[in-house]
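All values below were derived from every heavy atom in this structure, side-chain atoms included, with hydrogens, water molecules and symmetry-related copies excluded. Count residues from 1 along the sequence.
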Amino acid sequence: MTKRERFEKFLANQPVDRVPVAFFHHFCGPAEWGKGLENQDAFERNVMGHKYAREKFDPDVIKIMNDTLMIMPVDVSFVKTADDLRKVHAPALDSEFVKKTLELTKRSRAFYADSDAPVYATGFSPSMVLRNSMCIGGIPGEGDESQLIGFIQSDPDAVSAAIKNIAEDIAAINELLIKEGGVDGIYLSVNNQSNFFTDEFFLTYVAPHEQEMLRKANELSKINLLHICGYHGRSNHLHLFTGYEAAAYNIAVYAEGVSLSEGRKLFGGKPVFGGYAQDTVIYRGTKEEVKKAAWEILDECGQVGVMLGADCTVPNDIDETRLEWVREAAIEYAQQHK
């Protein structure tokens, strides 16, 4: 099978010659995340990182990593009251941010021009974008989010309005990346780690806008993937995302304490991927340990509707050879389980 044929079989819950493998990592360190508009050197390293990584490992699934342009800048400097949230928007299509995002996508995509593997643009949910923009002194979950928390309590409709605005703007950017950026679909990262929003708030004021944004992406591509981001103990209530329609779901099995098989049941039998913790065996284990982990995952969930990957991004300094070990293990497992 070609990479694309194998991937399509995975999405269709059909038998494959061996399961596909999908690991992703950043190309720049955290200090350079989101700095692409002000640091051209970091932006170039972000782009060229795709080229150097592919020289060591030719991926089954390609994801354009927009490290230096993530999550996305949203101007909240004018927000003093909850009602001000109703005027919050993501960058417009003619903004420098979107122009650079399209440039990064096209230039990185070019390194895979001879590959038939599916190509994804990395996207982030509007609730994550809003939290990131309003968080002071760190990332969400670590910095000061007291202002947003106050608005959630005093005017949930205003918070929902901001999320709706951002969702509509991101939907337009997604369309641009699919139609002009050369990607096949959107790899959408969502979360409600550590129950930042209560379940009731999330389902009422957040999920409908994110689901609508994903629905619009699904009109453009049938292979959009949902990454339910959990890591290092930051877990989610997975049932919050069962209404998100995607072609397959990445579940953080270690962060969530849910196996791939359990996750597949939760999402109605849809394809799932993951299985490895992001920075333990895959990062530090011996070749034998990495392969043994792959076999254990496949013993647990089988080879249909399953793709091997990690809870979240693996460390950016990982030796790409390790990813080949996983693919070798998938091939060997398939040969012995025909």
Side-chain angles (χ1 to χ4, degrees), residues 33-34 36-37 66 68-102 104-105 121-136 139-141 143 145 147-178 181 185-193 196-198 201-220 224 226-229 236 240-241 243-246:
W33 292 353
L37 295 181
N66 55 348
T68 57
L69 296 173
M70 71 174 210
I71 294 178
M72 70 168 49
V74 170
D75 181 14
V76 294
S77 61
F78 63 90
V79 176
K80 307 301 179 186
T81 68
D83 197 54
D84 291 334
L85 287 172
R86 302 177 190 277
K87 299 186 285 289
V88 168
H89 279 273
L93 291 181
D94 61 354
S95 67
E96 188 62 21
F97 171 81
V98 174
K99 291 177 183 177
K100 293 288 280 187
T101 297
L102 186 59
L104 185 151
T105 303
T122 306
F124 293 90
S125 74
S127 62
M128 291 174 65
V129 170
L130 181 64
R131 287 185 63 190
N132 188 68
S133 299
M134 297 194 69
C135 187
I136 299 172
I139 63 174
E145 297 186 78
Q147 184 185 39
L148 180 57
I149 291 171
F151 292 154
I152 289 170
Q153 296 169 345
S154 66
D155 195 343
D157 287 324
V159 176
S160 185
I163 293 172
K164 180 176 185 292
N165 290 345
I166 296 170
E168 291 173 349
D169 298 335
I170 293 176
I173 296 172
N174 289 343
E175 181 173 0
L176 181 72
L177 296 178
I178 290 173
I186 303 299
Y187 187 95
L188 179 62
S189 178
V190 299
N191 77 62
N192 186 36
Q193 293 169 357
F196 176 79
F197 301 107
T198 66
F201 185 97
F202 189 90
L203 291 172
T204 303
Y205 298 103
V206 178
H209 306 311
E210 298 190 341
Q211 291 168 357
E212 174 63 13
M213 184 187 74
L214 186 53
R215 186 192 66 77
K216 290 179 179 178
N218 289 339
E219 291 180 346
L220 301 167
N224 298 304
L226 193 73
H227 165 58
I228 305 171
C229 185
N236 298 273
L240 297 177
F241 303 99
Y244 287 58
E245 287 297 326

>> Assess the residue pair T122 and M70 against the criterion (side chain to side chain contact (heavy atoms under 4.5 Å, CB included)); give the C-alpha distance rounded to whole Å, side-chain angles, the decisive distance to 0.1 Å, and a yes or no.
In response: CA-CA 9 Å; T122 306; M70 71 174 210; over 6 Å; no
> Hey, does F124 have a side-chain heavy atom less than 4.5 Å from the side chain of N66?
Replying inline: yes
> To the nearest 0.5 Å, how far apart are CG in D155 and CG in D84?
Replying inline: 10.5 Å
> Taking all non-hydrogen atoms of both residues, which atom of D75 and which atom of V88 are closest, and how far apart?
Replying inline: O-CG2, 4.4 Å
> Is there side-chain contact between S127 and E210, with heavy atoms separated by less than 4.5 Å?
Replying inline: yes
>> Let me confirm one number: the CG-CE distance from L85 to M134, rounded to the nearest 0.5 Å.
In response: 5.5 Å
> Do the non-hydrogen side-chain atoms of V74 and L130 ever get within less than 4.5 Å of each other?
Replying inline: no
> Where does the angle between the aromatic ring planes of F241 and F202 fall among parallel (under 30°), tilted (30 to 60°) and perpendicular (over 60°)?
Replying inline: perpendicular
>> Under 4.0 Å between a side-chain nitrogen and a carboxylate oxygen: does that hold for R215 and E212?
In response: yes
>> Could you measure the distance from the OG atom of S133 to the CE atom of M128? Nearest 0.5 Å is fine.
In response: 11.5 Å
>> Run M72 and N132 through side chain to side chain contact (heavy atoms under 4.5 Å, CB included) and show every step you take.
In response: CA-CA 9 Å; M72 70 168 49; N132 188 68; over 6 Å; no
> Are any non-hydrogen side-chain atoms of L188 and N224 less than 4.5 angstrom apart?
Replying inline: no
> Below 6.0 angstrom between ring centroids: does that apply to F196 and F201?
Replying inline: no
>> If I take atom CD from residue E245 and atom CG from residue L226, how far apart are they, to the nearest 0.5 angstrom?
In response: 10.0 Å
> N192 versus V206: any side-chain heavy-atom pair under 4.5 Å?
Replying inline: no
>> Please give me the minimum heavy-atom distance between I166 and P126, naming the atom from each residue.
In response: CG2-CB, 3.7 Å
> For L69 and K100, what are the C-alpha separation, side-chain angles and deciding distance, and is it a side chain to side chain contact (heavy atoms under 4.5 Å, CB included)?
Replying inline: CA-CA 8 Å; L69 296 173; K100 293 288 280 187; 4.0 Å; yes
> So how far is it from K216 NZ to E168 CD, rounded to the nearest 0.5 Å?
Replying inline: 5.0 Å
> In Å and rounded to the nearest 0.5 Å, what is the CD1 to SG distance from I71 to C135?
Replying inline: 10.0 Å
>> Side chains of I163 and Y205, heavy atoms from C-beta outward: is any pair under 4.5 Å?
In response: no
>> Could you tell me if the side chain of I136 sits less than 4.5 Å from the side chain of Q147, heavy atoms only?
In response: no
> Hey, are R131 and E145 close enough for a salt bridge, meaning a charged N less than 4.0 Å from a carboxylate O?
Replying inline: yes
>> For P156, is there any backbone N or O sitting under 3.5 Å from a side-chain donor or acceptor partner on S160?
In response: no
>> On a heavy-atom basis, which atom in A158 and which in R86 lie closest, and how many Å separate them?
In response: N-NH2, 3.8 Å
>> As a quick check of understanding, evaluate side chain to side chain contact (heavy atoms under 4.5 Å, CB included) for L214 and V190, giving each step before the final call.
In response: CA-CA 11 Å; L214 186 53; V190 299; over 6 Å; no
> Does any non-hydrogen side-chain atom of I228 lie less than 4.5 Å from one of Y244?
Replying inline: no
